[in-house]
Amino acid sequence: LLVKNPYMKGSARSLLLKWARSNSEWIWKSALLSYSGMNTPEEYWRLLFAEEKRMNGQIKVRISEEEVNARIAGLAAQISEDFRGEEVVAVGILRGGVYFCTELTKRLTIPVILDFIEASSYGEGTESSGQVKITKDLIEDIEGRNVIVVEDIIDTGRTLSLLLENLRARRPKCLKLCTLLDKPERRVVEVPVDYNGFQIPNEFVVGYGMDYAQRYRNLPYIGVVEA
């Protein structure tokens with residue numbers, strides 16, 4: 001039953017599938033086969049692997065690993081120069097911002113403290129209520145400190161603008177925004193971007209922290225999911 005559970009995704013789902021394949025016949029009959037409606041284990045796995053292959057075939061490299069690494073190095077050099085002789089607190093936005101944030105901070109030549117935050121705007125339907133829900137808050141006190149918010153991609157700007165307001169209310173010395181990708185065509189709420197990796201068109205992208213149903217975050221390049 002867990003195989004078809006919508007919350008069972010990513011590495012946990014893969015481990016479960018591997019475990020199930022290596023176990024006894026009754027597991028297939030009582031779990032995989034009865035729940036999936038397939039007649040045989042082979043039929044189930046044939047369908048599963050066909051879908052995996054189909055998705056992999058739809059991902060086209062938009063920005064190569066080499067280009068991404070070079071641009072991150074450039075952003076790190078710019079930030080290090082702007083804050084020469086000072087310490088910064090890099091605030092990565094979970095979950096997608098983890099990859100970019102760690103790669104960026106590795107290349108900084110100034111003192112850096114690393115922290116993470118997770119937030120969402122909430123309201124009815126697709127409309128924001130004008131509030132932000134912090135689901136994972138900072139450990140660090142940022143009052144009077146140089147703060148750089150590190151995001152993987154800026155889309156509509158709704159949640160991000162609310163998050164920036166929340167952080168600004170904590171009275172940091174300065175608050176800057178750094179993003180790996182920016183989709184200006186999608187912007188609904190304007191946000192000030194201080195350090196911008198790449199501007200991209202309105203395409204669905206994966207890799208470097210960005211996902212499709214929680215998958216493909218670990219791709220070392222930026223890919224486009226093609227229809």
Side-chain angles (χ1 to χ4, degrees), residues 3-18 21 36 43-79 90 92-107 116 118-120 126 149-161 177-191 193-227:
V3 174
K4 302 291 283 187
N5 190 320
Y7 298 102
M8 179 60 68
K9 296 178 179 177
S11 59
R13 180 175 180 273
S14 298
L15 288 173
L16 178 64
L17 294 176
K18 289 178 182 179
R21 274 190 288 182
S36 65
E43 187 177 353
Y44 180 85
W45 291 111
R46 193 180 304 115
L47 179 64
L48 183 66
F49 293 145
E51 176 64 15
E52 181 84 4
K53 184 177 180 180
R54 186 185 69 83
M55 270 305 304
N56 286 335
Q58 289 182 328
I59 298 175
K60 176 183 177 182
V61 176
R62 170 62 67 196
I63 306 173
S64 70
E65 181 178 1
E66 293 74 20
E67 290 175 295
V68 172
N69 288 335
R71 185 63 185 124
I72 293 176
L75 291 171
Q78 184 180 353
I79 293 170
I93 300 180
L94 298 174
R95 303 178 197 173
V98 170
Y99 289 80
F100 176 43
C101 189
T102 52
E103 291 300 317
L104 178 71
T105 53
K106 281 194 323 187
R107 293 167 170 81
F116 292 95
E118 186 173 33
S120 63
T126 59
V149 176
V150 183
E151 177 69 293
D152 56 348
I153 185 168
I154 302 177
D155 197 273
T156 64
R158 284 194 182 101
T159 301
L160 184 57
S161 65
L177 175 61
C178 178
T179 185
L180 178 60
L181 301 180
D182 185 15
K183 284 186 184 179
E185 294 176 36
R186 291 273 298 161
R187 196 79 83 252
V188 174
V189 179
E190 288 303 318
V191 290
V193 182
D194 302 285
Y195 305 100
N196 198 334
F198 302 93
Q199 282 196 357
I200 62 171
N202 185 21
E203 298 174 316
F204 191 88
V205 293
V206 295
Y208 234 91
M210 288 157 283
D211 72 294
Y212 172 80
Q214 299 303 325
R215 302 170 72 185
Y216 308 108
R217 291 189 190 274
N218 60 319
L219 293 178
Y221 56 84
I222 306 299
V224 176
V225 177
E226 297 184 318

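- Shown are V188, V191, V189; of these, the side chain to side chain contact (heavy atoms under 4.5 Å, CB included) with T156 is made only by V188.
- Taken from CG in N196 to CG in L177, the straight-line distance is 8.5 Å, to the nearest 0.5 Å.
- Within the structure, salt bridge (Lys or Arg N to Asp or Glu O under 4.0 Å) pairs that include any residue of residues 61-73 comprise R62-E203 (at least two apart or interchain).
- Scanning all heavy atoms of the two residues, the minimum distance from D211 to F204 falls at O-CZ, 3.5 Å.
- Under the side chain to side chain donor-acceptor pair (under 3.5 Å) criterion, N218 pairs with no residue, sequence neighbours left out.
- For the atom pair SG of C178 and CG of L104, the computed distance is 5.0 Å after rounding to the nearest 0.5 Å.
- Summarising the geometry, atom OG1 belonging to T159 is positioned 12.0 Å from atom CD1 belonging to I154; distances are rounded to the nearest 0.5 Å.
- Contact annotation: the side chain of M210 approaches that of I222 to within less than 4.5 Å [non-hydrogen atoms, C-beta and beyond].
- In this structure the side chain of I153 reaches within 4.5 angstrom of the side chain of I200, judged on heavy atoms.
- With sequence neighbours left out, the side chain to side chain donor-acceptor pair (under 3.5 Å) criterion links R107 to E103.
- Remark: Y216 OH to I59 CD1 distance equals 4.5 Å, nearest 0.5 Å.
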Residues 93-102, side-chain donor-acceptor partners within the protein, below 3.5 Å, at least two apart:
residue, atom, partner, partner atom, Å
R95, NH1, Q214, OE1, 2.9
T102, OG1, V98, O, 3.0
T102, OG1, Y99, O, 3.0

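- When all heavy atoms are compared, the tightest approach of Y221 to I63 is CB-O, 3.3 Å.
- Applying the side chain to side chain donor-acceptor pair (under 3.5 Å) test to D155 and every residue at least two apart in sequence or in another chain returns R186.
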Q: Show the numbers, then the answer: is there a side chain to side chain contact (heavy atoms under 4.5 Å, CB included) between F198 and V205?
A: CA-CA 13 Å; F198 302 93; V205 293; over 6 Å; no

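- Remark: D194 pairs with no residue by the side chain to side chain donor-acceptor pair (under 3.5 Å) rule, at least two apart or across chains.
- Within the 4.5 Å cutoff, the side chain of V150 has no heavy atoms near those of the T105 side chain.
- The structure places OH of Y195 at 14.0 Å from OG1 of T179, a figure rounded to the nearest 0.5 Å.
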